Each structure stands twice: as C-alpha cells, then as structure tokens.
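It should be emphasised that the depicted structure is a prediction, and the values quoted were computed from it without experimental measurement. Residues take their numbers from the sequence shown, with the count starting at 1.
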Amino acid sequence: MLYLTAISFIATLSFPAAAQQIYDVYSTTWDRSTLFTYDNLGPNPINFVTPGAAASADIVVNDGQVNQPVYGFGGSLTDASALLLNNLKNANSGQYNALLSKLFDPTDGADNAGLSYLRVPLGASDFSANTYTFDDQSGDTSLSAFNINKAPSYLFSVINDIRAVNPYLKVHVLPWSPPGWMKSTGTTLGGSFQDQFTTQLANYLLKSVQGFQSHGIPIYAISIQNEPQNSNPTYPTCLITAAQEAQVGLALRTLLNNNGFSSTKIIGFDHNWDGAGTYAIQLMQQAESAFAGVAFHCYSGSVSDQDTFFNAYPDKEIYFTECTGEQGSDWWSDIKWDMDNIYIGAIQHNARTALEWNIALDGNGQPELPGSNSCGNPPCRGIVTISGTSYTLNQEFYSMAQASKAILPRDVNGPFGSRIGVTVGGSLNWALVVNAFVTGRVNPSDWLRYSIVVLNWDDSASTTWNPQPVKATIEFRGQQATYTFPVGVTTLWWYAPSTSSDIKSNKKTTAGNHISAAEAQTDSDEIHIHSSTQVPLRSSSASFNPANVTATAPGGTATERKEPLFRFRRSL
C-alpha cells in the first residue's frame with residue numbers, strides 16, 4: 001500500500017463559527033495537580049473564530065494531510081504482569097476490575113486510558129518464574145510435544161478479562177527464544193538460531209497462534225523473535241540474522257495463509273531504533289512479501305531513526321513496541337521524555353502503536369526471572385505498580401493515557417484515529433510538541449472528531465526552575481481558537497464536518513505524494529470521512545452555546561528547547 005498525503009481539503013469553505021468548538025480537555029501537569037483529569041468546558045466552549053494575530057506559539061492543523069492510522073497504545077503482558085494481576089483478582093476482585101477498566105476501557109467520555117494493544121511473550125521472558133517454551137523436548141522436529149498450556153493458565157484468563165473490557169484489543173505475540181534444541185547453545189538462554197530448523201520454527205509459531213486461538217484469543221500480529229540482535233545468557237534471548245528471520249517469515253506467511261490466519265500480520269525486527277537502516281531494511285529486501293512491517297524499541301538509537309526505514313519502505317507499517325521506566329526516576333522528566341520520544345514522537349515518525357514493557361510489576365520491579373540481569377539496578381518499573389490488594393498508576397500510564405484518548409473510536413465499533421498534519425510556529429514553537437488526529441464516524445451524518453495532544457515542556461529546567469504556561473493559537477480551516485497550555489500534557493478535541501465525501505485514507509505520507517480519493521484503498525482501520533452539516537454528538541450535555549474564552553498570558557520568554565535526558569533503561 002502507498003502511504004500518502006491524502007486529499008487536499010478546501011479550507012476556504014464557510015462553516016458557522018459555532019460549528020467548531022472545543023468542549024473536552026484532558027490534562028496531566030508537571031506538579032500532578034491534574035492527573036489525566038477531564039474538564040468539560042460547556043456551557044462555555046472555546047470557539048474557532050475569524051483569525052486574529054497568531055500567538056507566540058501557533059498550532060496549525062492541516063486535515064488535508066492524512067497520515068497513518070494509529071492502532072493503539074499499551075504494553076506487554078508478561079508472565080510476571082499476569083501473575084500480579086491474577087493475584088489481585090483473587091485477593092480483591094473489585095480492585096482488579098477497577099484497574100482493568102482504568103487501563104483498558106475504551107468507552108468514549110470515560111476517564112479511562114482505553115489501552116488497545118497488548119504484546120505477549122510466547123514462552124518465558126526475563127519476567128517469568130522459570131525458563132520454558134511450548135516444546136522443550138529435545139530434537140522434537142515433528143513438534144509432537146508442543147503444548148500451549150506450558151504457559152501459566154492465568155496468562156490466558158487475564159487476556160480474556162482484558163478483552164471483555166476492551167473489544168478492540170489487538171494481541172501481538174512473539175518468542176523471546178525458540179526452543180533450546182533449535183539453537184547453538186541447546187538452551188533458551190542466549191545463543192544463535194540454527195538454519196536447519198527454519199521449517200520447525202515456522203511451524204512452532206503457527207502452533208502458537210493456533211494455541212492462543214484455542215483459548216479464545218485471536219492473534220492480530222506475530223513477530224519471529226524479540227530483539228534478534230541480543231544474546232544474553234541470563235534470560236531467554238536468541239541471535240537470528242536478517243537472512244534467517246526472512247526465511248522463517250516466508251515459511252510462516254505461507255503456513256498462516258493456508259491455515260485460516262491470512263489476516264494475522266507478521267512484524268519483523270522488533271529491536272532497537274539503531275537497526276532501522278540495517279537489519280530492518282535487509283529484512284524487507286529479502287522477504288518483503290512476508291512482513292507487514294517492522295517494530296522498534298527505545299534502548300539504542302533515536303526515534304528519528306524510524307524515518308530511515310519509512311523513507312525506504314513507505315508502504316510498510318512501523319510499530320513501536322517496547323521501552324521501560326526504572327524505579328526511582330524523576331516523574332516529570334519521565335513524562336517529558338516519554339511524550340517527546342514515544343507517545344508523541346514515535347507516532348510523529350510514522351509508528352502505528354506505542355507500547356511500554358511490563359503492564360504491571362511490584363514496587364521492587366519483581367517478579368523477574370531468577371538470575372536475569374536485564375533490568376539491572378535500579379529495577380524496571382511497570383505501567384502500574386501492584387502491592388498486595390492496591391495499585392499505583394505510574395508516569396507511563398499518564399503519558400500513554402493522554403495519547404490514547406486522542407485516537408480511540410468516537411462511536412461503538414468506529415474507526416481509530418489517524419494522524420494528520422500539524423506544525424507549530426512562532427517564537428515559542430520550541431515549547432510545544434504536538435500531534436493531531438482525525439477520527440471517523442460510523443454514521444455518515446455525524447461530524448468528524450479532531451484531536452491534538454500537546455506537550456508543554458517550558459519549565460526552564462536547564463537554568464532556573466520556572467514552569468511557564470504557553471498561550472497558543474490553534475489554526476484550523478481558516479478559523480482560530482486560543483488556549484493556554486499548562487506545563488504538562490494536554491489532550492483536547494473538537495468536531496467539524498468533512499470537506500469531502502466518501503474519502504477513505506490510511507496511507508503513509510511521503511513528501512509530494514498526493515493521490516485522489518479514488519486511489520485510496522479500503523481497510524478496516526481507515527478513517528471514514530463523509531459530507532455532513534449536522535452538529536455532532538459530544539460528551540458534554542451542555543447546549544451548543546458559542547462563547548469566547550479568554551486565556552491567561554504566559555510568563556517568561558525562553559528561547560531554546562530543553563531536551564530531557566535520554567534514559568538507557570535495560571541491560572541488553
């Protein structure tokens with residue numbers, strides 16, 4: 001599929017001023033005075049009006065540039081995370097249900113994150129009680145001893161509990177190691193994959209997909225190997241070359257197609273950003289037909305490396321699938337880094353997902369595989385910390401919740417949001433990092449929802465601590481709104497009719513690549529755009545009352561962007 005700049009909408013069409021109003025705002029601030037807090041601005045919404053002077057930070061939203069759909073945010077349900085969640089379920093089912101709702105409930109208007117993408121290890125990882133695969137019988141090339149139930153039963157039950165909360169959930173599975181007998185070391189700990197087991201590994205992965213299906217869990221995507229350039233003898237890992245992964249991928253694609261899983265995607269690489277121009281591209285060169293795209297982790301390289309792969313293969317998908325916090329780090333610095341590099345940054349660089357590592361750990365970063373050095377000292381932190389019968393939502397939750405809220409379906413069974421064009425101008429353009437999205441509707445007569453996610457990191461941390469709110473103008477279709485963004489993360493949205501009829505686009509944007517509506521292909525994750533002049537439904541019950549909101553002026557005149565420190569967060 002091509003990835004494109006979609007239809008150039010006609011920005012000069014005249015709509016009533018009241019047609020475009022901001023009612024709904026979510027915010028998380030640096031001082032935690034708001035934590036993913038919802039504010040309904042009715043009956044005094046912020047209106048888009050005839051433009052005046054642009055503010056010192058001027059956000060320009062271009063809905064004529066439709067980029068990739070975003071499939072969701074989330075994390076990995078390791079054996080450790082599943083165990084802690086299951087223990088919470090047994091000890092206090094009310095707390096368990098409340099936590100699953102807070103994490104995964106996608107209901108529009110609810111103050112829940114609606115996390116919709118779950119990554120699950122096939123067999124043991126560095127967060128399991130012991131090492132195992134689904135077939136540890138040495139030399140079992142027929143895979144007669146394969147048993148999906150080598151995984152703990154609570155892994156499947158927790159996934160199904162999550163699926164009951166979020167029917168949109170996409171499950172992405174992958175091994176941390178093939179069975180040891182397929183490797184040079186004869187064990188899951190470190191070592192290299194051996195070519196002669198290409199067919200067996202492909203069949204092992206097919207059986208894994210079938211095994212999850214037998215537990216009522218459909219598999220959206222599968223990767224061949226987690227971190228294929230990592231061999232660590234303290235936990236399950238495996239070196240597998242791009243050529244080897246290509247051959248396994250080609251064999252697996254045929255097996256999936258022939259066994260009723262043609263819709264299951266194969267995602268390649270699943271390792272660090274710095275491999276985007278080497279391994280990830282080599283994989284496509286050798287087996288482009290087998291792979292829907294590639295996935296990246298944060299532990300080496302930078303998020304802009306994703307562009308290297310995108311520029312070479314703009315029709316392939318990019319996923320961001322792993323990063324982790326560590327115990328004892330600074331809360332606000334983590335929020336800044338995560339938004340700039342992952343929950344805004346990775347999506348800006350064409351990713352369709354953005355995930356953390358463990359969904360849940362305890363306060364000591366446990367339970368980790370005995371002997372594993374993957375997280376080092378300090379230990380890793382989960383999205384949630386579970387202690388006995390209580391839980392704490394960590395900074396990773398608030399980061400991804402703010403981003404997730406912008407792309408969740410507006411309607412039951414509606415499409416997820418697609419990233420659209422946005423730029424920031426003015427003398428304070430450095431202070432705001434912004435993504436913009438459009439979410440289609442099920443009913444052709446309903447208006448589209450437009451969302452922006454904004455990081456204001458003007459805290460002067462590199463000099464004297466002095467957090468500064470930033471008054472910004474928001475330009476949209478020749479109209480202008482004004483909002484003052486506190487230091488922190490803000491998600492807000494408004495509704496507007498389409499300027500084109502029956503357009504569908506989910507292609508990636510490449511410079512100068514414009515195509516017509518007729519050329520856009522159909523896909524279940526596409527944005528659906530229709531002509532309409534009907535005022536949309538809103539989560540606000542307030543009347544549609546045009547009103548201008550006067551925002552307070554920012555203080556300070558900082559002139560340089562202050563980069564959060566990069567975090568090397570796992571030992572590889």
Side-chain angles (χ1 to χ4, degrees), residues 1 71 77 117-124 132-137 139-151 153 155-157 159-160 163 167-179 181-183 193-226 228 238 240 243-270 283-284 286-295 316-317 319 321 352-353 522-525:
M1 292 188 298
Y71 298 152
L77 189 72
Y117 205 94
L118 199 65
R119 190 164 169 258
V120 182
L122 296 175
Y132 71 92
T133 71
F134 300 137
D135 189 346
D136 291 318
Q137 182 173 304
D140 183 25
T141 56
S142 65
L143 300 177
S144 59
F146 182 97
N147 182 5
I148 197 69
N149 294 316
K150 293 284 292 293
S153 60
L155 177 70
F156 303 113
S157 64
I159 295 173
N160 278 315
R163 293 184 67 241
Y168 308 123
L169 188 75
K170 292 178 170 65
V171 178
H172 182 159
V173 296
L174 71 168
W176 263 237
S177 173
W181 51 268
M182 297 185 186
K183 299 168 61 182
F193 177 68
Q194 298 186 86
D195 289 342
Q196 64 264 35
F197 297 112
T198 295
T199 300
Q200 286 75 21
L201 179 54
N203 275 287
Y204 177 87
L205 295 173
L206 169 66
K207 285 180 172 290
S208 297
V209 172
Q210 292 170 326
F212 271 73
Q213 187 74 46
S214 72
H215 283 275
I217 302 167
I219 298 304
Y220 175 78
I222 185 170
S223 295
I224 305 300
Q225 171 63 42
N226 177 66
C238 181
I240 179 169
Q244 289 173 323
E245 183 169 325
Q247 290 305 306
V248 175
L250 289 167
L252 178 60
R253 181 72 274 160
T254 298
L255 288 171
L256 291 171
N257 292 347
N258 292 343
N259 286 275
F261 299 102
S262 59
S263 64
T264 298
K265 299 181 180 183
I266 304 177
I267 307 302
F269 189 47
D270 227 307
L283 188 61
M284 292 302 112
Q286 298 176 66
E288 182 178 358
S289 64
F291 293 89
V294 296
K316 291 296 182 180
E317 299 179 342
Y319 294 72
T321 52
R352 298 175 182 229
T353 63
T522 301
D523 185 280
S524 62
D525 292 298

Asks: Quick one: does Thr198's side chain have a donor or acceptor within less than 3.5 Å of a partner on Val248's backbone?
Replies: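 No.
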Asks: Is there a donor in the side chain of Thr133 and an acceptor in the side chain of Asp136, or the other way round, less than 3.5 Å apart?
Replies: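 Side chains of Thr133 and Asp136: pair found under 3.5 Å.
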Asks: Quick check: closest heavy atoms across Gly268 and Glu245, and the distance to 0.1 Å?
Replies: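 So the minimum-distance heavy-atom pair works out to CA-OE2, 3.3 Å.
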Asks: Should the pair Lys207-Asp135 be classified as a salt bridge under the 4.0 Å nitrogen-to-oxygen rule?
Replies: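 Between Asp135 and Lys207 there is no salt bridge, as every charged N stays at least 4.0 Å from the carboxylate O atoms.
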Asks: As a test of understanding, state which of Tyr71, Tyr117, Tyr319 forms a side chain to side chain donor-acceptor pair (under 3.5 Å) with Arg352.
Replies: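 Going through Tyr71, Tyr117, Tyr319 one by one, the side chain to side chain donor-acceptor pair (under 3.5 Å) with Arg352 is satisfied by Tyr71 alone.
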Asks: Under a 3.5 Å distance rule, please check whether Lys170 uses its side chain to pair with a backbone N or O of Ala221 as donor and acceptor.
Replies: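 Checking the backbone N and O of Ala221 against the side chain of Lys170, no donor-acceptor pair under 3.5 Å is found.
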Asks: Would you please name every residue forming a ring-ring contact (aromatic ring centres under 6.0 Å, His included) with Phe197, sequence neighbours left out?
Replies: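 Scan of Phe197 (ring-ring contact (aromatic ring centres under 6.0 Å, His included), adjacent residues dropped) gives Trp181.
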Asks: How many angstroms lie between CG in Leu205 and CG in Leu122, if you round to the nearest 0.5 Å?
Replies: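 So the CG of Leu205 and the CG of Leu122 are separated by 7.0 Å.
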Asks: Do you know the tightest heavy-atom contact between Ser289 and Leu250?
Replies: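 Of all heavy-atom pairs spanning Ser289 and Leu250, the closest is OG-CD2, 3.7 Å.
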Asks: For Asn258 and Thr254, does a side-chain donor sit closer than 3.5 Å to a side-chain acceptor?
Replies: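 No donor-acceptor contact under 3.5 Å links the two side chains.
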Asks: Considering all heavy atoms of both residues, which atom of Tyr204 and which atom of Pro179 are nearest to each other, and what is their separation?
Replies: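 Of all heavy-atom pairs spanning Tyr204 and Pro179, the closest is CE1-CG, 3.6 Å.
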Asks: Does a side-chain heavy-atom distance below 4.5 Å link Gln244 with Gln225?
Replies: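 No. Closest side-chain heavy atoms not under 4.5 Å.
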Asks: Looking only at non-hydrogen atoms, find the nearest pair between Ala202 and Ala251 and report the distance.
Replies: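 Closest approach of Ala202 to Ala251, heavy atoms only: CB-CB, 3.7 Å.
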